[in-house]
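A short worksheet on the structure shown next.
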Amino acid sequence: MSLLFIVSLLIQAGFIIHVIKTGRNQLWIWVLIIPGLAFAGILAYIVVEILPELLRSRTARRTAHGLRKALDPGADLRRYESEARVAGNVSSRQRYAEELVRHGRYDEAIGQYREALTGLYEHDPNLMLGLAQAQFGKGDAAGARATLDELIRLNPDFRSPVGHLLYARALEAEGNVPKALEEYRVLATSYPGAEAAVRYAQLLQSHGERAEAQLLEQARIAPGHYRRAQRTWLEAAQRLLQG
């Protein structure tokens with residue numbers, strides 16, 4: 001029995017197992033097992049059953065969405081604006097405000113967040129965080145920090161690494177370096193990504209203190225997907241340590 005024949009049998013068996021385990025129509029078993037038609041059967045199974053599933057996957061949808069955004073960057077903004085205008089509910093306003101922030105239209109985003117922060121949602125922490133992000137994007141660090149202070153006061157159990165980092169950045173932008181360093185120090189080892197540690201190191205270095213080499217140690221031994229996702233911040237950290 002040739003090696004090629006054995007490999008062919010193994011491939012057939014693998015697809016038959018896939019049919020059974022995924023609950024596909026068991027007629028596929030006969031299509032895949034017919035002597036002399038195995039290759040055609042496997043090809044048909046891939047085209048009919050597997051490819052459509054792959055095209056419906058999250059990665060495929062994300063790729064298609066990214067392509068649409070590249071071709072028409074304002075498509076989502078127009079859609080969310082229409083939804084907010086027609087529905088006028090909190091979730092539609094929030095989506096529209098988030099997209100306005102992504103487009104740098106901070107004043108409009110602030111207006112949408114303030115309209116959403118009413119009634120039952122007057123103290124909603126996610127809306128307050130969104131408002132603070134829009135204020136910071138606009139250049140109003142003091143306003144962002146004040147909003148975050150109010151968020152913490154009204155929602156003491158709310159936890160957000162993104163909000164915590166924004167708070168540290170607002171303090172830094174206001175010139176409150178000691179307090180900013182204190183916040184960055186906590187974030188440097190707890191934030192899910194390299195940005196907080198790098199910002200901490202940058203602020204230390206800008207005030208004459210050497211960034212600690214161990215800031216990169218965890219990143220150095222991290223999985224490849226983490227290093228790829230955090231590439232920009234890891235490269236910035238490397239430059240700091242070499243400087």
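Side-chain atoms are counted along with the backbone in the values below, which use heavy atoms only and exclude waters and symmetry mates.
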### Nearest atoms (heavy-atom pairs only) where A168 meets A180
O-CB, 3.8 Å

### Query
Do the side chains of L148 and L129 get nearer than 4.5 Å, heavy atoms only?
yes

### Task
Find out whether Q202 and Q205 are in side-chain contact, i.e. whether some heavy atom of one side chain is under 4.5 Å from a heavy atom of the other.
no

### Message
Is it the case that the side chain of D140 and the backbone of G143 share a donor-acceptor pair, with hydrogens and angles ignored and the cut-off at 3.5 Å?
### Response
yes

### V186, V162, V198 screened by side-chain contact (heavy atoms from CB on, under 4.5 Å) with Y191, the one that passes
V162

## Note on the structure
Nearest heavy-atom contact between P192 and P161 is CD-CB, 3.7 Å

## Note on the structure
What one should report as the nearest heavy-atom pair of A134 and I110 is CB-CG1, 3.6 Å

### Distance, nearest 0.5 Å, that separates NZ of K179 from CG of L171
7.0 Å

### Cationic N near anionic O, under 4.0 Å, E99 to R95
no

### Message
For a quick test of reading the model, state the closest non-hydrogen atom pair linking A170 to R145 and the distance between them.
### Response
CB-CB, 3.9 Å

### Message
Would you compute the distance between atom CD of E183 and atom OH of Y167 and round it to the nearest 0.5 angstrom?
### Response
6.5 Å

### Message
Measuring from atom CZ of R114 to atom CG of L127, what distance do you get when rounded to the nearest 0.5 angstrom?
### Response
12.0 Å

### Query
Step by step, would you call R185 with Y200 a side chain to side chain contact (heavy atoms under 4.5 Å, CB included)?
CA-CA 7 Å; R185 188 176 297 113; Y200 177 42; 3.1 Å; yes

### Message
Quick check on the hydrophobic clustering: are L154 and F158 connected, directly or via other members, by side-chain heavy-atom contacts under 4.5 Å?
### Response
yes

### Task
Kindly determine whether E81 and R78 satisfy salt bridge (Lys or Arg N to Asp or Glu O under 4.0 Å), including the steps that lead there.
CA-CA 5 Å; E81 180 183 14; R78 292 193 301 274; over 6 Å; no

### Query
Could you go step by step and tell me if L100 and Y106 meet the side chain to side chain contact (heavy atoms under 4.5 Å, CB included) rule?
CA-CA 7 Å; L100 283 167; Y106 300 113; over 6 Å; no

### Message
D149 vs R153, test: salt bridge (Lys or Arg N to Asp or Glu O under 4.0 Å). Steps then yes/no.
### Response
CA-CA 6 Å; D149 278 333; R153 184 182 72 80; over 6 Å; no

### Message
In this structure, would Y121 and Y80 fall into the same cluster of hydrophobic residues linked by side-chain contacts under 4.5 Å?
### Response
no

### L165 and R199: CA distance, side-chain angles, deciding distance, side chain to side chain contact (heavy atoms under 4.5 Å, CB included) verdict
CA-CA 9 Å; L165 179 59; R199 289 191 180 280; 4.3 Å; yes

### Query
Rounded to the nearest 0.5 Å, how far does OH of Y184 lie from NE2 of H164?
10.0 Å

### Query
Is there side-chain contact between L151 and L131, with at least one heavy-atom pair below 4.5 Å?
no

### Message
If I compare all heavy atoms of A197 with all of A188, which pair ends up nearest, and what's the gap?
### Response
CB-O, 3.8 Å

### Side-chain heavy-atom pair M128, Y113 within 4.5 angstrom cut-off
no

### Query
Would Q94 and D124 satisfy side chain to side chain contact (heavy atoms under 4.5 Å, CB included), going step by step from the backbone distance to the final call?
CA-CA 11 Å; Q94 184 175 7; D124 183 89; 5.5 Å; no

### Task
State whether the side chain of R105 and the backbone N or O of R102 hold a donor-acceptor pair below 3.5 Å, judged by distance alone.
no

### Query
Are Y96 and V86 connected in the hydrophobic side-chain network, where two residues link if heavy atoms are under 4.5 Å apart?
no

### Task
Decide whether L181 and L187 are clustered together by the hydrophobic rule: side chain heavy atoms of Ile, Leu, Val, Met, Phe, Trp, Tyr closer than 4.5 Å, transitively.
yes

### Query
Short question: side chain of T118, backbone of E115 - any donor-acceptor pair under 3.5 Å?
yes

